[in-house]
Structures are given as C-alpha cells and as structure tokens.
Amino acid sequence: MQNNNPTRKGLSAEESRALCQKVLSFAKADHTRVNVDSGVHLFTRTAINRVTTAGATEDVNVRVTSVFGKRIASIDTNRLDDASLERAVRDSEALARISPENPEYMPELGEQRFSEVNAYYASTGDLTTESRARASSIAVKAADAAKVMASGFIDVSAGSSGIATSNRLFGYHSGTGVASTLTVRTLDGQSSGWAGDEGADWTTIESERIAADAVRKCQQWRGKSALEPGKYEVVLEPTAVGMLMLRMMNVFDARQAEEGRSFLSKRGGGTLLGEKLFDERITVVSDPTEKNAETSPFTNAGLPVQRETWIENGVLKTMSYSRFWADRKGVAPKPAGTNFIMSGGTASVDDMIKETPRGVLITRFWYIRGLNPRIVSFTGLTRDGTFLIENGKVTRPITNFRFNQSLSELLANVQVMGRPVRVCASESSTVGPPVVVPALKVKDFFLSSVSDAI
Amino acid sequence: MENTLGRREFVKIAGATGAALATGGWQEALAWQARNAPGPDAAEKDLVLLALDAVKSAGASYADVRITRGNQESVSTRERQITGVSKSETYGIGIRALVGGSWGFAATRDLRRDSVARTAREAAAIAAANNKINPVKTNLSSVRRVPDGRWITPHEIDPFTIPIEEKAQLLFKTNEEALRVKGVRFVTSSINSIKESRLLGTTEGSIIQQTYFRLGPNVTVTAVPADNSDFQTRGAALAPMGKGWEYVVSLQMPENVLRWAEEAVMKLSAAPVEPGVWDLVLHPSHLWLTIHESIAHPSELDRAMNYEANYAGTTFLAPPEKVLKRFKLGPDFMNIVGNRTEAGGCATTGWDDEAVPAQSWPIVDKGMFVNYQTTREMADWISDITKMKDSQGCSYGQDWSSIPFPRMPNVSLMPNPKDISEDEVIAATKKGIFIEGDGSYSIDQQRYNFQFGGQIFWEIKDGKRSRMLRDVAYQARTPEFWNAMSLIGGKSTYKLGSSFSDAKGQPVQLNAVSHGCPVTLFRNVNVINTA
C-alpha cells in the first residue's frame with residue numbers, strides 16, 4: 001500500500017502480508033486467523049521543570065487464532081523466527097483442540113472491503129528525541145518565566161496492524177497518534193492548571209498554546225475558596241466533556257440492552273431503540289475516516305468498521321451487534337464505534353460563561369468510575385482549574401468537587417454546545433480512542449462533595 | 001515446573017515469609033531460594049552483559065538491563081460456554097541508561113546481538129540528548145552487588161501444568177452451581193495465570209534471575225428479576241495472589257459460589273440504604289482497596305516531589321519536611337508497613353529492578369506517618385529526616401518494554417495484637433454497615449476525598465448483623481477517616497486483597513500489588529445512596 005517512506009514505523013503492508021502468510025502456511029486447523037500489530041512507542045516526560053525520562057520501544061505482536069469446529073483458542077507471541085512462529089501455531093492448535101466448544105463462535109470471515117483510511121502522519125512517526133525535548137522545553141521555559149512548575153508528557157505511537165484469515169481475508173492499516181499534556185503547579189503547591197492536545201498529526205499539537213493555557217489556568221486558580229456542594233449549571237470545557245463521553249463509547253450494545261443489562265433496556269423487556277433519550281441537538285457518530293481522529297477500518301476479527309450514527313437528534317438510532325447476536329437476531333453485524341464524534345454548536349466557552357447567571361466552569365476530571373449502569377452514572381472529581389461563574393463572568397477560583405452524575409441525564413440537560421474538537425480524554429494522557437466533542441453548558445450537574453485536592 | 005516444592009517445605013518457606021518481620025524468617029527463605037530457584041539462562045546472560053558493555057561504551061555512568069519473558073494464560077466462561085482461551089508470550093530486552101543526570105530508555109523485542117547492542121546505544125543516546133538540552137543531576141544510593149541472585153515465588157503447583165480443560169471444568173462447575181439459584185441469570189468466571197522470568201543486570205555487577213507466579217481467579221454472578229426491572233451483580237472478590245495453582249484449589253469456587261449467587265439475588269430485594277452517618281465494619285476483601293488508594297499511593301515519595309503531577313497526581317503527605325514524623329494519620333493502634341516479603345503478596349519479590357533487596361519497613365507507626373516508599377534515586381531526598389541512606393526497593397518496570405520507576409510494595413494494616421474476632425468487631429457496633437468486597441472506587445489526585453462502594457452490605461443493629469442493604473457508598477476525607485478507626489480485628493481476621501492492574505506513570509504501567517488487613521471498625525462515616 002502507501003508505504004514508500006523508509007522511516008515509516010511498523011511493518012509495511014507487504015511485510016505484514018508476508019508474515020501473515022508464513023503463519024498461515026504452518027496452520028493445520030480448520031480455520032486460522034492472524035493479527036499482526038507492530039510499531040514504536042516514544043515518550044518524553046517532564047516534572048519539576050526538567051525532563052525526567054524519555055524512551056523508545058519497538059515491538060511486533062503476532063496473534064494466532066486457531067479453530068477446530070467450534071473450538072477456538074489463541075496465542076500471542078513477539079518472537080518472529082520461523083521456529084517460534086511454527087511453535088505458536090502448534091500451541092494455538094493444541095490449545096484449541098482441548099478447549100470446550102464455544103457455541104457462539106462464528107466462522108472466520110472471507111475477503112472484505114474496507115474503507116480507505118489514511119491515518120499515518122509522518123510528522124508524528126518521524127518525531128525524534130530532540131524534537132520532543134525541544135517541545136518539552138517550551139513548557140519548561142514558560143513555567144520558569146512564570147515561576148511555576150511544569151510536569152508534562154508527550155506520548156507518541158506509530159505503527160501498523162494487519163489481519164489475515166485462512167478464508168483469504170487480508171487487511172492492513174497504519175496509523176499514528178500523539179498526545180501532549182501539561183500540568184503546571186505553583187511552587188507552594190496551592191494551585192494547578194492543565195492543558196493538552198491529542199491528534200494523529202503532530203502538526204496539530206500546539207505546544208506554545210498548551211504551555212500558555214496551563215500557566216494561565218494555574219495562575220487564575222490561585223487563591224481558591226469554598227462553594228457549597230449541590231446541583232449547578234456547569235460549563236464543561238471540551239476535555240471535561242471528552243473524559244465523560246469516553247464512557248459512552250461502548251454503551252450501545254444490543255445484546256446488553258436486550259438481556260436487560262443496560263440503560264437502553266426497557267422496563268418489562270425490549271430496548272429503547274427509536275426513542276428520544278437526549279437533547280435533540282445531540283448526534284453521536286463514529287467514523288474511521290474522520291480527519292485527525294482516524295481509526296482502523298476493521299475490527300480484530302476483520303469485520304469492516306464503517307460510519308455509524310448511534311444517536312441522531314437525541315434519538316437512539318442503532319445499536320451494535322456482535323456477529324453471533326446479529327445472526328441470532330437476523331440482522332447485519334455492526335461493531336461498536338472505534339471513535340466518538342459528537343455534534344456541536346457555535347458557542348465559545350466565553351459565550352457560555354456570558355450567559356450563565358450562576359454556575360461552575362470545569363477544566364477537566366479525574367478518577368471517573370462507574371456507579372450505576374442502569375442510568376450510566378459515574379463519580380469522579382474536578383481537577384486543575386475550577387471556577388465560579390456569576391452574572392456572566394468568572395468571579396473566583398473554587399475548590400474541587402466530587403461529582404455523582406448520570407451521563408444520560410447530562411445529555412438530556414444540555415443547554416449550549418460549542419465547536420467539536422479532538423481532546424485527550426484518557427486520564428493517563430496516553431493516546432486513546434479518538435474522542436471529538438464540543439464544550440457544553442449543562443444544567444443540574446451534581447457536584448456532590450468538596451475535595452481539598454489541588 | 002522445575003522447582004516445585006514439597007508440601008512440607010512449601011509451608012515452611014511460605015510461612016517464613018509471612019513471619020519475616022517478627023522472626024527474620026525471610027533470611028531462611030532467601031537461603032532456600034539461593035539453593036533452589038533457577039539461575040539465569042546462559043544465552044540471556046550473555047545478551048545482558050553485551051548490552052551493559054555497549055551502554056557503558058556509549059557513555060552511560062550507570063545502566064540496568066532487563067530481559068523479561070512474560071507468559072500469560074487466560075480461560076474465561078459465561079454460563080455453560082467458553083468465551084475465551086488464550087495464551088500470550090512477550091519477550092524482549094529493555095535498557096535504562098544514566099548519562100550526566102538524565103535517564104534514557106530503549107527496548108526491543110529483537111534479541112539478535114546487533115539489535116541488542118544498537119538498542120543499548122540508543123538508550124544512552126536518548127539520555128545524552130536530554131542531558132544536552134536540559135542538564136540535571138541525579139544521585140543513586142549505594143547498593144550491595146548481587147553477583148548471582150535467585151528467587152522464585154513459593155508455590156506447590158505450577159499453574160501452567162494444569163490443563164486448560166481442567167480449568168474450564170472448574171469454571172463450568174462453578175457456573176452451574178450458581179445457575180441453580182433462582183433469580184440468577186448470568187455468571188461469568190475466569191482464571192488468569194501468569195508466569196514471568198526476569199533477568200536483571202546492572203553496570204555495578206549484579207545479575208539477578210527471578211521467576212514469578214501469579215493467579216487471578218474471578219466469578220461474577222448477575223441476578224435479574226422476571227420483569228427485567230433491575231439487575232444486581234455479586235463479584236466474588238477473589239484476591240489475585242502470588243502463589244501456585246494450590247491457591248485456586250483452596251478457594252473451593254463451586255462450593256462457595258452458592259453463597260455469592262444467593263447474595264446477588266438478595267440484592268434485588270435488599271433495602272435501599274438511608275443516606276447519613278453510619279459506623280462501618282470493613283472486611284479485608286473491601287478494606288484492601290481503601291488502604292491502596294488512601295495510604296499506599298499517598299506515601300509514594302515521587303508523588304510528594306511532584307514527579308507524577310501530570311497524571312496520578314501529588315499527595316496530601318507533602319512536603320516531606322512538614323509531614324514525616326509529624327503527620328498523625330490515625331490512632332495509636334494504627335500500624336502500616338511497606339512489605340516486599342509478604343507471603344502470597346503480588347508485589348513480593350527477592351530484589352527490585354535496581355538490585356535492591358526486598359524488605360519491610362514501617363510507613364505509619366502508632367498512627368504517625370514515618371516513611372515513604374523510595375527508589376535509589378529518591379532515598380537521598382529525605383535521608384536527612386529518615387536517617388536512612390538506602391533505597392527501600394520500590395523500583396519496578398512492568399515488563400521489558402517499560403522503564404523502571406517507583407512502584408508501591410505490598411502495603412498492609414497490621415492486625416490487633418489481641419485476637420479480636422469478626423463477631424467481636426461487629427458486636428462493638430450499634431448502628432452500622434458491614435461491607436464485603438470491593439466496588440466502585442474513586443479518589444482525588446492528592447488522595448483526600450474518596451468514595452467507595454462494595455459488593456455486599458449488611459446492616460448492623462445493636463451489635464448484630466441483620467438485613468441486607470443496597471446502593472451503599474461511603475465518602476470521606478482520608479485523615480478524618482483513618483482517625484475515625486475505632487477497633488481492629490486480630491490476626492485470624494487478617495487477609496490479603498490484591499490487584500493485577502494498579503496503573504501509574506506516563507506511559508502508564510501496571511503493577512501487581514497486595515494489601516493485607518484485618519476486619520476493622522470506623523465510626524461516623526458519611527454514607528450515600530448511589531441509586
């Protein structure tokens with residue numbers, strides 16, 4: 001495929017295909033599937049205004065899945081010599097033979113047509129130690145100048161994945177991802193601010209802006225004071241929204257809903273398909289070709305991933321079906337979304353603040369954990385910049401809060417939407433499934449208790 | 001496995017590790033290890049020495065090299081069917097180099113000699129590049145050279161010798177028993193077996209071969225009423241352990257699942273908890289996680305020094321000069337130890353990733369915060385206060401591809417010297433809730449405000465366990481919570497709880513760790529209803 005760049009990380013399509021075919025040539029099972037994931041992981045960490053660690057790791061993982069009838073098992077290995085690969089195939093087959101039958105096993109897929117996705121950006125794949133150190137220095141210098149402390153992380157992955165089956169399926173995808181995040185704290189530990197970007201393309205990462213925003217947040221949050229817990233109108237910056245919506249990525253599963261184990265289950269049986277669940281401006285799609293939020297166009301089993309509209313104008317439009325459940329229900333299989341893309345509006349965060357009589361501005365969250373799957377409720381805490389809004393203005397920094405909030409209620413309570421952007425939605429700031437969301441103004445967000453954390 | 005212990009010897013060695021603090025039995029265990037644990041593979045040792053030579057030639061003043069081979073096997077089921085059988089092996093070399101005061105790390109799966117040498121030079125080059133742009137100083141505490149260190153998890157039965165069918169049959173039998181209980185609609189169960197070989201070499205001349213076994217069994221029962229109006233789950237809270245297959249056998253999953261299944265069904269009709277102030281009696285299957293989050297993480301020195309500010313966060317136990325030997329974290333009978341020698345502990349080892357021997361030390365002594373967890377780079381930062389020059393051995397990288405950095409040891413709450421039983425702790429409670437199993441958990445980035453759910457909640461009325469409650473979570477501020485500890489159970493109530501996947505660091509790494517604790521009573525804790 002499109003692999004003429006000698007510095008490109010991960011196996012090329014040809015190398016990937018050759019490796020898959022070699023593995024298949026050893027196979028004696030009824031069916032065999034091979035997944036090959038390869039590439040590099042690069043990182044640079046800063047803390048207390050210095051680079052603390054940096055590194056580079058390269059790996060190739062081969063997964064062999066063997067099937068006899070409905071007996072199935074898999075082996076992962078990163079040893080690529082012929083003898084090791086053949087042993088992996090033999091081990092996988094031995095394991096499959098002795099495995100109990102899986103009545104839900106679906107036969108391996110044959111040739112498939114996948115969407116064309118160009119997800120590999122050389123700007124990211126070619127990043128060097130020096131260029132990451134220079135980007136980190138921007139934050140360190142800004143922090144030094146402001147007499148505050150920078151702790152940051154630049155996380156880079158670049159590589160490819162290939163899949164082949166004994167039924168002649170072959171798929172190849174290569175991609176890159178980068179996240180750059182920065183926490184700035186005052187020397188006395190009394191204030192903290194955060195900013196970050198994530199993308200597939202390094203040129204979309206704005207190191208200067210990240211440094212300036214994190215320093216500004218830290219300076220503005222200094223001198224926080226208490227606010228009573230309770231239900232507030234909140235203005236959620238895009239990262240805060242993304243961290244919550246990451247939890248909505250896998251909730252549209254039909255089987256869970258039909259088995260009575262999901263917030264999409266209907267009391268008395270059935271599901272909420274076709275019903276209006278959220279504010280009518282909410283539309284949620286997933287699309288592997290979304291620019292700077294690209295994902296693989298196939299699943300690990302080789303099922304094509306296509307653009308899907310899960311929620312349209314607040315109505316549940318479709319649910320995901322595993323191949324087994326789709327077969328049982330007589331519908332086409334539909335994998336869960338690989339990214340999360342929400343509709344938006346035109347308001348800026350400043351616009352939202354201007355029309356808020358009394359509310360709370362939230363930068364991001366931390367330690368989000370599930371509470372009640374029936375209402376998709378979560379708990380977690382605000383972090384790195386929380387402010388009181390009064391009469392259309394940010395009036396003072398306030399303490400952090402724990403929240404207890406149903407996301408389904410949150411999406412029903414949306415008042416104003418901003419422009420969608422890709423955000424770094426993982427708490428660890430490692431590159432994750434792409435999440436593209438707007439800033440939101442939401443009513444009745446439950447800030448349940450005060451947190452003293454800074 | 002080539003080094004399976006006989007039953008008698010196993011009991012002796014495993015018992016010795018548990019009693020290490022009191023009796024010095026750890027030394028005896030190490031002597032056994034030196035005689036019986038496998039030594040390094042000759043080819044791997046050659047590669048480690050080659051990497052050490054290459055990284056030194058490339059300018060590193062210090063380096064450590066790890067070759068790890070991680071084997072994992074997982075069998076999972078739901079109801080009467082298999083949902084997954086898999087094995088994985090990951091094998092490679094990682095080199096951490098110090099040039100000037102800067103660290104660089106490089107790792108590869110390609111173990112050909114030229115690749116190993118190239119990767120070693122790359123580690124030094126990464127360190128040098130950072131040191132040029134941002135020069136810093138780093139001091140490493142000294143450590144005794146270990147020319148031929150050997151250690152293996154004490155175990156009777158290598159879990160990889162048990163056939164997959166046998167593991168699956170055990171799970172099916174467990175599921176079948178659970179499905180006999182009316183109201184139970186779903187059961188999932190799984191067994192995760194881990195074996196890891198880790199060969200460490202340092203430029204200071206240490207060569208240490210260690211082999212670990214860990215087992216993670218799991219059962220979750222889901223009850224659904226006929227009209228689908230609700231569902232409730234009971235996760236069995238089976239602690240992962242650093243032990244052999246004998247541990248899984250000892251759990252008697254098919255026998256015990258009946259109780260878990262009945263509890264899942266009972267949860268459907270349990271009384272919703274009345275929010276407010278309650279006394280809490282916390283079982284070890286629950287309390288381990290509260291210790292993990294509110295004591296073990298806050299006492300990591302790298303957090304106190306802002307090294308984890310961008311992810312895991314900092315800590316309320318900071319700065320060191322203001323809290324060490326000054327911060328009263330709990331009552332006088334509260335004693336917490338960091339312990340890499342705890343029998344069965346997931347973080348139990350012979351040496352850490354910097355060749356520092358395993359040890360145990362007080363973190364909280366008679367309620368006073370007295371020490372952090374340190375590595376060789378960090379020991380010096382607080383030695384003026386602690387009067388300790390040496391590292392406590394908390395350096396760990398999750399595998400060959402991950403840079404070693406500060407990770408927690410097993411951190412445990414010591415039992416009452418008097419043998420107070422679970423019933424006696426409950427009897428001391430007038431209006432309370434007895435919580436078993438870990439549930440939802442969340443804590444802020446300085447470890448003040450936490451909220452924990454659980455699996456099963458029993459109301460305690462006038463010293464007796466009564467009806468089941470549901471939708472319980474408690475929310476507290478760490479120092480107030482621990483100072484509200486009122487009674488600790490004795491040794492007979494002491495158990496380990498564990499996790500295979502404690503996340504920290506950027507790039508994020510997982511650490512396996514255990515926390516021991518007895519049944520414990522806390523007064524006047526704020527309880528919320530999560531429904």
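Each chain gets a letter, A, B and so on, in the order its sequence line appears, and its residues count up from 1.
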#### Entry: Structural part of B:Arg447 lying under 4.5 Å from a heavy atom of chain A
side chain

### Task
Go through the atoms of B:Glu122 and report whether side chain, backbone, both or neither lie under 4.5 Å from a heavy atom of chain A.
side chain

### Task
Pick one of side chain, backbone, both or neither for B:Asn71, based on which atoms fall under 4.5 Å of a heavy atom in chain A.
neither

### Query
Would you call the rings of B:Tyr311 and A:Trp366 parallel, tilted or perpendicular if under 30° counts as parallel and over 60° as perpendicular?
perpendicular

### Message
Please find the pair of heavy atoms, one from B:Pro275 and one from B:Ile528, that lie closest to each other, and give the distance.
### Response
CB-CA, 4.3 Å

### Task
Please determine, among B:Ser229, B:Ala129, B:Ser402, the option with the most heavy-atom pairs under 4.5 Å with chain A.
B:Ser229

### Query
Tell me, side chain or backbone of B:Gln475 under 4.5 Å from chain A's heavy atoms, or both, or neither?
side chain

### Query
For B:Asn134, is it the side chain, the backbone, both or neither that has a heavy atom under 4.5 Å from a heavy atom of chain A?
side chain

### Query
How many angstroms lie between CG in A:Leu42 and CZ in A:Arg132, if you round to the nearest 0.5 Å?
5.0 Å

### Query
Parallel under 30°, tilted from 30 to 60°, perpendicular over 60°: which one fits the rings of B:Phe450 and B:Tyr474?
perpendicular

### Closest contact, heavy atoms only, B:Arg78 versus B:Asn175
C-ND2, 3.9 Å

### Interface moiety of A:Asp452 toward chain B, non-hydrogen atoms closer than 4.5 Å
both

### Message
So A:Ile368 and B:Ser442, do their side chains get closer than 4.5 Å, heavy atoms only?
### Response
no

#### Entry: Engaged part of B:Ile126 at the chain A interface, taking heavy atoms whose separation is under 4.5 Å
both

#### Entry: Contacts of residues 312-322 of chain B with chain A (heavy atom under 4.5 Å)
B:Ala312, B:Gly313, B:Thr314

### Query
Non-hydrogen atoms of chain A under 4.5 Å away: do they reach the side chain of B:Arg112, the backbone, both or neither?
neither

### Query
Given a strict heavy-atom distance threshold of 4.5 Å, which part of B:Phe405 is in contact with chain A: side chain, backbone, both, or neither?
side chain

### Message
Could you report the tightest heavy-atom contact between A:Ile375 and B:Ala531, atom names first, then the distance?
### Response
CD1-C, 4.5 Å

### Message
Can you tell me which of B:Asp227, B:Leu111, B:Val75, B:Asn130 forms the most heavy-atom pairs within a distance under 4.5 Å of chain A?
### Response
B:Asn130

#### Entry: Closest approach of B:Leu289 to B:Gly439 (non-hydrogen atoms, all atoms of both residues)
CD2-O, 4.4 Å

### Query
Quick one: which of A:Asn35, A:Asp76, A:Thr77 gives a side-chain hydrogen bond (donor to acceptor under 3.5 Å, both in side chains) with A:Arg63?
A:Asp76

### Task
Would you verify whether the NZ or CZ of B:Arg185 falls within 45 degrees of the ring axis of B:Phe231 while also being under 6.0 Å from that six-membered ring's centre?
no

### Query
Between B:Gln509 and B:Gln398, which heavy-atom pair has the shortest distance, and what is it?
OE1-N, 2.9 Å

